Amino acid sequence: MSRQRIYLDWNATAPLCEPARLAMVDALALPGNPSSVHAEGRAARAVVEAARRQVAMLVGANPASVIFTASATEAANLVLTPDFRMGRAPLSVSRLYVSAIEHPAIREGGRFPADRITEIPVLRSGVVDLEALERLLSAHRAEDGFALVAIMMVNNETGIVQPVEDAAKIVRSHGGLLVVDAVQAAGRLPLDMERLGADFLILSAHKIAGPKGAAALVSRGETLMPAPLIRGGGQEKGHRAGTENVAAIAGFGAAAAFMARGLDARNAAIGALRDRLEKGMRDAAPDVVIHGGGVARVANTSFFTLPGLKAETGQIAFDLEGLSLSAGAACSSGKVGASHVLTAMGEDAKTGGLRMSLGHSTTGEEIDLAIGIFARVAARRKLAGQAA
Ligand code: PLP
């Protein structure tokens with residue numbers, strides 16, 4: 001008997017939205033290479049450039065500042081480098097400062113050797129410690145090179161919104177550069193490159209209901225740019241060589257345009273469902289710990305710990321009941337390690353956390369079913385605990 005599955009793992013990846021699917025199908029029919037000068041090439045180029053405008057619009061950037069990559073991870077590896085150019089002059093970055101709760105794509109430090117990476121701690125609330133950032137940058141030796149700081153706008157596990165505008169002021173006052181991973185913020189918070197004060201922004205199509213395999217590095221201007229990661233035929237103005245994935249980029253653009261519309265109404269609807277979910281969880285298991293409840297979170301994410309239930313076991317239990325969620329961040333091996341985010345927040349990371357994340361097509365019926373499943377899993381956990 002087939003049973004309805006409930007997908008509450010939108011922070012891992014969002015199902016493709018219909019406008020993105022249609023744009024991709026159209027683009028797949030185009031035979032040309034966007035670098036070719038003939039009519040077929042120009043048609044493909046037009047699709048790529050339209051998508052560039054749509055992505056730029058989502059984050060209030062200049063389309064010329066959008067560089068398409070194949071993943072946010074690639075965009076991070078492009079921008080996290082000691083080697084930049086300011087116009088024609090080389091500009092050297094001596095140290096990378098990354099928050100302790102960054103996604104591994106950023107936390108690994110891209111092209112920086114490990115001994116040139118410093119972690120910025122977070123407070124118990126799950127918010128980056130700005131006083132620590134100030135102290136670290138005050139101690140930075142400017143004579144060795146510039147400081148590059150990477151702070152995410154929204155944490156993928158907790159959904160907690162990070163004070164990136166304040167961080168930008170601190171970074172700027174110390175003459176440093178700021179990279180903001182906006183992968184989980186895009187489509188969930190209003191984004192404006194100028195207001196944010198970031199030098200670079202990282203986006204990923206598949207988190208905004210676009211396809212997997214397209215992403216972007218967005219820069220503030222075009223003067224300060226990282227040394228290319230992939231060299232070759234000069235595509236993306238030499239910043240990222242390789243023939244563009246036209247269909248994926250078309251889907252990215254369409255998804256960006258879709259997400260740019262009706263943000264407030266979408267957040268209100270999703271937030272109401274998330275609150276209903278969390279109330280249902282608290283009613284079913286009053287000992288559930290919901291992380292980040294006291295600070296600003298995006299509307300779609302609920303990260304919780306059920307005492308006595310290991311995240312890894314919980315994930316399987318929910319999956320067997322027909323509910324897809326994540327134990328912390330999805331990692332490629334499918335294995336669940338201790339959550340570095342919970343550890344950074346000073347929480348007991350051994351039990352781990354489970355994450356339910358909602359999206360624009362999540363329904364009230366799905367949430368009610370999810371609450372029922374949660375109640376069953378939580379009750380079984382208690383029985384197991386009593387038997388032990
Ligand atoms: N940054 C954050 C906050 C993420 O959640 C993810 C994906 O989970 C990434 C970066 C990496 O994105 P991509 O899958 O496009 O490499």
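Just so you know, ligand 1 is whichever comes first in the structure, and atom 1 is the first atom listed for that ligand. The first residue of the sequence shown is numbered 1, and numbering continues consecutively from there. As the structure is a computational prediction, the values presented were derived from the model and not from experiment.
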Distance filter under 4.0 Å to Ser71 heavy atoms, resulting ligand 1 atoms:
15 (O), 16 (O)
Residue set satisfying side-chain contact (heavy atoms from CB on, under 4.5 Å) with Val295, at least two apart, ordered chain then number -> Ser125, Val127, Ile160
NZ of Lys212: more than 12 outside heavy atoms within 6.0 angstrom?
yes
Any idea how Phe304 and Phe374 line up, ring-wise: parallel (<30°), tilted (30 to 60°), or perpendicular (>60°)?
perpendicular
Step through the shown structure and confirm whether more than 12 heavy atoms of other residues, nucleotides or ligands are within 6.0 Å of CD on Glu108.
no
Taking only heavy atoms of Met152 into account, list the atoms of ligand 1 that are under 4.0 Å away from them.
3 (C)
Report, in ascending order of atom number, the atoms of ligand 1 lying under 4.0 Å from any heavy atom of His206.
13 (P), 14 (O), 15 (O)
A student checking ligand 1 against Gln184 at a 4.0 Å heavy-atom cut-off should list atoms 3 (C), 4 (C), 5 (O)
Select one of side chain, backbone, both or neither to describe which atoms of Ser204 lie under 4.0 Å from any atom of ligand 1, heavy atoms only.
side chain
Is the closest N or O pair between Asn11 and ligand 1 shorter than 3.5 Å?
no
Taking only non-hydrogen atoms of Lys207, do any sit less than 4.0 angstrom from ligand 1?
yes
If I compare all heavy atoms of Ala61 with all of Val218, which pair ends up nearest, and what's the gap?
CB-CG1, 3.5 Å
Heavy-atom distances under 4.0 Å are what count here, so tell me which part of Val183 touches ligand 1: side chain, backbone, both or neither.
side chain
Using a side-chain heavy atom cutoff under 4.5 Å and only I, L, V, M, F, W and Y, what cluster partners does Met57 have?
none
